[in-house]
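To keep things clear, I will list the structure first and then write my remarks on it.
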Amino acid sequence: MKEKSEATCSGTESDSKDQECSGGEHSEEAGKFPFTRGIHRDMYKHKLWTMRQYAGFGTAEETNKRYHYLLDGGTSGLSVAFDLPTQMGLDSDHPMANGEVGRAGVAIDSLEDMRRLFSGISLDEISTSMTINSTAAILLAMYISVADEQKVSRVSLRGTVQNDILKEYTARGTYIYPVEESLRLVSDLTVFCADELPGWNPISISGYHIREAGSSAAQEIAFTLANGIEYVDRFLKRGVALEKFAPRLSFFFAAHNDLFEEVAKFRAARKLWAQIMKTEYGASDRSCWLRFHTQTGGSTLTAQQPMNNTARVTIQAMAAVLGGTQSLHTNGFDEASNLPTTDTAKLALRTQQIIAYESGIASVPDPMAGSFYLEELTDRMVEVAQGYLDRITVLGGASKAIEFMQKEIATTAYVHQKNIEKGEKVVVGVNRFVEDKKKETFPETADYFELERSQCLNLKEVKAKRDKKKIEQACDDIRLAVRSGQNLMPFLIEAVKANVTLGEISKLLILEWGEYQP
């Protein structure tokens with residue numbers, strides 16, 4: 001792009017001057033391959049990122065209240081957090097769910113829960129993200145069923161289901177079935193969406209949990225893109241045309257505290273993915289876009305001096321926006337100790353809104369482009385990440401390199417923790433500028449025991465009202481589909497409409513496939 005003097009670049013009120021100032025001496029332009037500077041020419045000048053606040057706790061009724069609160073406060077998309085039993089395929093009345101129901105998200109056992117979760121919310125008017133993996137197909141089946149009841153066309157549904165099982169084996173652990181069988185479920189869901197839900201993102205390839213497990217920024221990129229390559233190969237083998245699913249692929253990254261490193265990470269990830277898709281698969285420019293959601297780093301939050309987390313979240317959110325994210329969740333400052341209260345959730349949303357409307361960051365595409373430091377960081381990030389990708393390729397791809405990635409993450413996490421303990425890595429309020437713990441205060445938490453009791457009573461009522469013949473037929477149909485290799489999604493939709501529970505479907509699949517043994 002044409003060079004501009006500092007005097008020219010000082011005029012930020014003019015759109016034309018903003019566009020001229022957006023590149024500096026850097027030759028690549030936003031909106032052009034390989035999209036290092038952003039997937040759109042004007043980025044946020046045309047449309048702001050989606051402010052998608054992650055929320056879910058206790059029962060569907062309680063979470064529904066939070067959704068209405070966030071929507072009234074200006075959030076532009078919903079993001080569902082599910083509790084651990086739901087993630088692991090357990091109903092709330094299962095013995096192993098005792099004490100965990102509603103603790104880390106909302107408990108969803110049946111279609112009735114999903115109805116209550118979205119009560120008063122038209123599914124054709126909002127986009128919904130669901131952070132769920134092993135049981136993703138079941139939860140999406142419930143969401144589709146609610147849409148069907150609302151008479152909402154499946155074509156009009158907008159949102160994302162995470163559906164990224166490979167990172168569960170690598171970094172997080174909420175897996176259920178063996179690798180190959182899990183990948184079949186991922187593919188079934190993706191193929192179904194390509195045919196029936198063209199506006200839905202059937203997978204969000206997640207680096208967030210890889211980073212939260214302790215990886216470096218470069219490892220986060222590399223391992224995430226390696227998983228993405230594996231999924232692309234699997235979908236192609238299923239006979240889905242590249243241009244039918246590739247434009248709907250999305251990604252999910254963490255934003256941590258090193259502002260410049262994080263901005264470089266997002267730029268490097270976009271560049272690498274574009275080059276991979278173009279070189280290896282001959283994809284169109286649109287299919288080379290790396291569209292991503294960002295969440296500020298949960299592992300960076302501290303229980304000590306929790307108000308300090310407001311500064312951390314602000315820096316991280318700025319990094320995500322400067323790096324070109326398509327949607328963003330900002331954590332509440334109290335999340336190191338409990339799920340965020342309504343007040344802290346509002347402050348987290350307001351943080352995004354202040355960045356969007358007051359900071360001026362959104363007025364220029366990739367405002368850091370051309371900085372010698374940032375460009376060097378971006379190039380270095382590409383180089384290191386590519387080295388990891390090459391090693392994973394030699395190992396046979398992501399599904400064969402799980403142990404390798406686990407070891408790399410564990411080693412990095414160990415070194416990081418040792419540096420904190422030795423004081424070489426400063427964490428304000430933890431190993432420097434420490435205060436008396438008696439001064440720390442925390443918001444009151446919900447009565448989770450009462451929430452669990454209420455959830456189990458609701459589930460008992462659902463089971464008591466069911467048609468046993470419909471339940472048996474729906475389960476038989478799933479078994480036959482598993483054995484015959486048919487796409488499971490239509491059968492899962494019919495099963496949840498018959499009030500087969502999430503735990504019952506998961507158990508049925510375990511009986512057919514077995515469980516993953518690390």
Side-chain angles (χ1 to χ4, degrees), residues 47-83 86-87 102 104-108 111-133 135-136 138-150 152-154 156-163 193 197 199-204 206 208 248 250 252 291-296 298 317 320 325-332 335 339-342 344-353 356:
K47 181 184 178 183
L48 288 173
W49 64 92
T50 301
M51 298 179 193
R52 189 185 301 281
Q53 288 301 100
Y54 189 48
F57 63 97
T59 63
E61 291 92 340
E62 292 299 318
T63 304
N64 178 260
K65 292 176 185 176
R66 178 64 62 86
Y67 289 163
H68 283 284
Y69 177 82
L70 289 169
L71 290 168
D72 291 343
T75 192
S76 48
L78 296 178
S79 184
V80 186
F82 297 97
D83 72 355
T86 302
Q87 295 177 48
V106 61
I108 300 293
L111 180 58
E112 179 60 29
D113 290 329
M114 191 66 81
R115 287 191 193 105
R116 290 197 296 267
L117 185 63
F118 291 100
S119 177
I121 300 171
S122 298
L123 298 190
D124 56 347
E125 295 179 2
I126 52 102
S127 67
T128 303
S129 175
M130 295 190 282
T131 303
I132 195 72
N133 297 284
T135 55
I138 304 170
L139 272 302
L140 181 59
M142 291 181 183
Y143 189 85
I144 292 169
S145 298
V146 172
D148 289 348
E149 291 177 354
Q150 291 185 1
V152 171
S153 166
R154 294 179 181 182
S156 68
L157 292 178
R158 297 290 182 272
T160 303
V161 65
Q162 193 161 94
N163 195 32
C193 287
L197 278 71
W200 192 268
N201 301 320
I203 188 168
S204 177
S206 175
Y208 180 85
R248 301 310 313 174
S250 65
F252 174 26
R291 300 175 302 117
F292 67 98
H293 171 72
T294 308
Q295 180 173 340
T296 56
T325 192
Q326 275 60 66
S327 66
L328 176 62
H329 164 83
T330 33
N331 290 329
E335 289 190 53
L339 293 170
T341 64
T342 52
T344 56
K346 179 182 283 186
L347 177 60
L349 175 60
R350 293 289 182 256
T351 301
Q352 290 201 52
Q353 291 167 336

Nearest atoms (heavy-atom pairs only) where Asn163 meets Ala136: OD1-CB, 3.8 Å
Spacing of Cys193 atom SG and Leu140 atom CG [to the nearest 0.5 Å]: 5.0 Å
Do Met130 and Thr160 have side-chain heavy atoms sitting under 4.5 Å apart? no
Lys65/Glu61 salt bridge by N-O under 4.0 Å criterion: no
Contacts of type ring pair (Phe, Tyr, Trp, His ring centres under 6.0 Å), residue Tyr67, not counting sequence neighbours: none
Does any N or O in the side chain of Glu335 come within less than 3.5 Å of the main-chain N or O of Gly298, such that one atom is a donor and the other an acceptor? no
Working note: Val152 + Leu157, criterion side chain to side chain contact (heavy atoms under 4.5 Å, CB included); need CA distance, chi angles, decisive distance, verdict. CA-CA 8 Å; Val152 171; Leu157 292 178; 3.9 Å; yes
Under 3.5 Å: donor-acceptor pair, side chain of Arg350, backbone of Gly73: yes
Working note: Tyr208 + Thr294, criterion side chain to side chain contact (heavy atoms under 4.5 Å, CB included); need CA distance, chi angles, decisive distance, verdict. CA-CA 8 Å; Tyr208 180 85; Thr294 308; over 6 Å; no
Partner of Arg52 by side chain to side chain contact (heavy atoms under 4.5 Å, CB included), out of His293, Gln352, Gln326, Gln295: His293
Find the distance between OH (Tyr54) and CG (Leu70) and round it off to the nearest 0.5 Å. 13.5 Å
Are Thr342 and Arg66 side-chain neighbours, meaning at least one heavy-atom pair lies under 4.5 Å? yes
What I'd like to find out is whether the side chain of Thr59 reaches to under 4.5 Å of the side chain of Val106, using heavy atoms alone. no
Determine whether Gln162 and Ile203 satisfy the following criterion, side chain to side chain contact (heavy atoms under 4.5 Å, CB included), listing intermediate values before the conclusion. CA-CA 5 Å; Gln162 193 161 94; Ile203 188 168; over 6 Å; no
What about Trp200 and Tyr143, are their ring centers closer than 6.0 Å? yes
With side chains defined as the heavy atoms from C-beta onward, is the minimum distance between Leu139 and Val161 less than 4.5 Å? no
Answer yes if the side chains of Thr86 and Asp83 hold a donor-acceptor pair under 3.5 Å, and no otherwise. yes
Taking every heavy atom of Thr296 against every heavy atom of Ala317, the minimum-distance pair comes out as CG2-N, 3.9 Å
Between Ile126 and Thr128, which heavy-atom pair has the shortest distance, and what is it? CD1-OG1, 2.9 Å
Are any non-hydrogen side-chain atoms of Ser79 and His329 less than 4.5 angstrom apart? no
Donor + acceptor pair across side chains of Ser156, Ser153 (<3.5 Å): no
Distance-only polar pair, side chains of Ser327 and Thr50, donor-acceptor under 3.5 Å: no
Side chains of Phe82 and Thr135: does their closest heavy-atom pair fall under 4.5 Å? no
Minimum heavy-atom separation for Phe118 to Gln150, with atom names? O-NE2, 4.2 Å
Lys/Arg N to Asp/Glu carboxylate O, Asp124 vs Arg158, below 4.0 Å: no
Could I get the full list of side-chain contact (heavy atoms from CB on, under 4.5 Å) partners for Glu149, not counting sequence neighbours? Leu111, Arg115
If every non-hydrogen atom of Ser119 is compared with every non-hydrogen atom of Asn64, which pair is closest and at what distance? O-ND2, 2.9 Å
Closest heavy-atom pair and its distance - Gly332, Pro340: CA-CB, 4.5 Å
Rounding to 0.5 Å, atoms OG1 (Thr351) and CE (Met51) come to a distance of 10.5 Å
Rounded to the nearest 0.5 angstrom, the CD1-CD1 distance for Ile132 and Ile138 is 9.0 Å
Whether the side chain of Ser122 engages the backbone of Glu125 through a donor-acceptor N/O pair (distance < 3.5 Å, no angle test) should be reported. no
Mind checking the CD-OG1 spacing from Gln53 to Thr330? Nearest 0.5 Å is all I need. 4.0 Å
Value rounded to 0.5 Å, distance of CG in Asp113 from OG1 in Thr63: 10.0 Å
